[in-house]
Amino acid sequence: MDFLLIPFTTPALTFAGAATTWGEVFGFVTGALCVWLVARQNTWNWPIGILNNLAFLALFATSGLYADSGLQVVYVGLALYGWWSWLRGGVERTPLPVSRTTSAQWLWLAVAGVVLTGVLVWVLTSYTSSTVPWADSITTVLSLLATWGQTRKKLESWWLWIAADVIYVPLYAYKGLWLTAILYLGFIALCVLGLRSWSKAHRRDLVAA
């Protein structure tokens with residue numbers, strides 16, 4: 001199975017003094033395309049996102065970001081659910097509209113976030129050689145919560161993504177994944193655009209109702 005990791009160990013170019021692999025380049029392209037499609041509420045973001053998840057699973061595993069690597073497996077499952085939800089998750093199996101996160105949902109997200117972060121930090125410090133257990137855990141949990149919100153078209157999911165990306169940029173730079181760090185810097189800009197686009201869609205839906 002080692003041949004599957006060849007793209008993630010074979011340099012494609014040198015960026016900022018660090019070798020950038022073909023796997024990281026593929027993750028860069030599919031990741032940027034995926035977020036752009038999410039901002040436009042285009043359902044094709046889900047299959048493109050799955051390809052991105054598989055690329056980052058291998059990339060992060062070979063970079064010592066074990067929580068982020070394992071997160072990609074969960075992402076694939078959430079992507080399959082999100083794909084269905086966007087198409088049939090609305091009232092009477094209609095396409096899902098943009099909505100706001102309720103107070104009860106925020107409480108659930110907060111509790112889940114604290115518990116999951118604690119568990120991940122314990123796992124990473126006890127059973128792996130991770131050098132960044134807290135940053136890896138916090139970004140992993142924020143990403144999970146944001147992805148759940150994305151599957152349900154929750155407007156505030158963009159704020160969770162922005163919070164995660166602000167931490168991801170220096171984290172990936174520290175790990176020498178400079179192209180990925182730049183990608184996540186671009187994600188922040190795309191998240192702002194997505195937030196504005198979804199806000200307008202939500203207002204239109206309220207007026208139409």
Grab the two heavy atoms, one from Gly149 and one from Ser157, that are nearest each other, plus how far apart they are. C-CB, 3.7 Å

Which heavy atom in His202 sits nearest to a heavy atom in Val98, and how many Å separate them? ND1-O, 3.2 Å

side-chain hydrogen bond (donor to acceptor under 3.5 Å, both in side chains) partners of residues 42-52, not counting sequence neighbours, each pair once: Thr30-Asn52

Please report the C-alpha distance between Val74 and Thr147 in whole Å, then the side-chain angles of each, then the deciding distance to 0.1 Å, and finally whether the side chain to side chain contact (heavy atoms under 4.5 Å, CB included) criterion is met. CA-CA 10 Å; Val74 181; Thr147 302; over 6 Å; no

Common cluster, Phe60/Phe187, ILVMFWY with side-chain heavy-atom separation under 4.5 Å: yes

What's the verdict on side chain to side chain contact (heavy atoms under 4.5 Å, CB included) for Val29 and Leu33, showing C-alpha distance, side-chain angles and the deciding distance? CA-CA 6 Å; Val29 173; Leu33 179 58; 5.5 Å; no

Single-linkage hydrophobic cluster, 4.5 Å side-chain cutoff, Trp134 and Val141 together: yes

Does any N or O in the side chain of Thr125 come within less than 3.5 Å of the main-chain N or O of Trp122, such that one atom is a donor and the other an acceptor? yes

Test side chain to side chain contact (heavy atoms under 4.5 Å, CB included) on Lys154 and Leu160 and set out the steps. CA-CA 11 Å; Lys154 295 296 181 180; Leu160 293 175; over 6 Å; no

Mind telling me whether Tyr172 and Tyr184 have parallel, tilted or perpendicular rings, with 30° and 60° as the class edges? perpendicular

Note, Val76 side chain near Leu57 side chain (heavy atom, < 4.5 Å): no

So, taking the atom named OG1 in Thr117 and the one named CG in Asp136, what distance separates them when rounded to the nearest 0.5 Å? 11.0 Å

Would you give the length of the straight line joining atom CG of Leu190 to atom CZ of Arg40, rounded to the nearest 0.5 angstrom? 11.5 Å

Linking I/L/V/M/F/W/Y whenever any side-chain heavy atoms sit under 4.5 Å apart, do Phe26 and Trp178 land together? no

Could you go through Ile50 and Leu80, starting from their C-alpha distance and side-chain angles, then the distance that decides it, and tell me whether this counts as side chain to side chain contact (heavy atoms under 4.5 Å, CB included)? CA-CA 8 Å; Ile50 290 173; Leu80 293 173; 3.9 Å; yes

Mind listing the closest non-hydrogen atom pair of Tyr66 and Ala61 along with its distance? CE2-O, 4.1 Å

Rounded distance (nearest 0.5 Å) linking atom CD of Gln105 with atom CG of Leu107: 11.0 Å

When every non-hydrogen atom of Trp86 is compared with those of Gln150, the smallest separation belongs to NE1-O, 2.9 Å

Taking every heavy atom of Ala39 against every heavy atom of Ser197, the minimum-distance pair comes out as O-OG, 3.1 Å

Could you measure the distance from the OH atom of Tyr168 to the CG atom of Asp165? Nearest 0.5 Å is fine. 8.0 Å

Measure the spacing between OG1 of Thr101 and CZ of Arg152 and express it to the nearest 0.5 Å. 11.5 Å

Side-chain heavy atoms under 4.5 angstrom apart, residues restricted to Ile, Leu, Val, Met, Phe, Trp, Tyr: same cluster for Trp36 and Leu183? yes

Taking every non-hydrogen atom, the tightest pair across Ser130 and Pro133: OG-N, 3.5 Å

If we ignore angles and hydrogens, is there a donor and acceptor under 3.5 Å between the side chains of Lys175 and Thr131? yes

To the nearest 0.5 Å, atom CD1 of Ile138 lies from atom OG of Ser143 at 11.5 Å

Honestly curious: do Trp161 and Leu109 fall in one hydrophobic cluster under the side-chain, below-4.5 Å linking rule? no

Parallel, tilted or perpendicular: rings of Trp158 and Trp198 (30°, 60°): perpendicular

Under 4.5 Å between any side-chain heavy atoms of Leu78 and Leu144, yes or no? yes

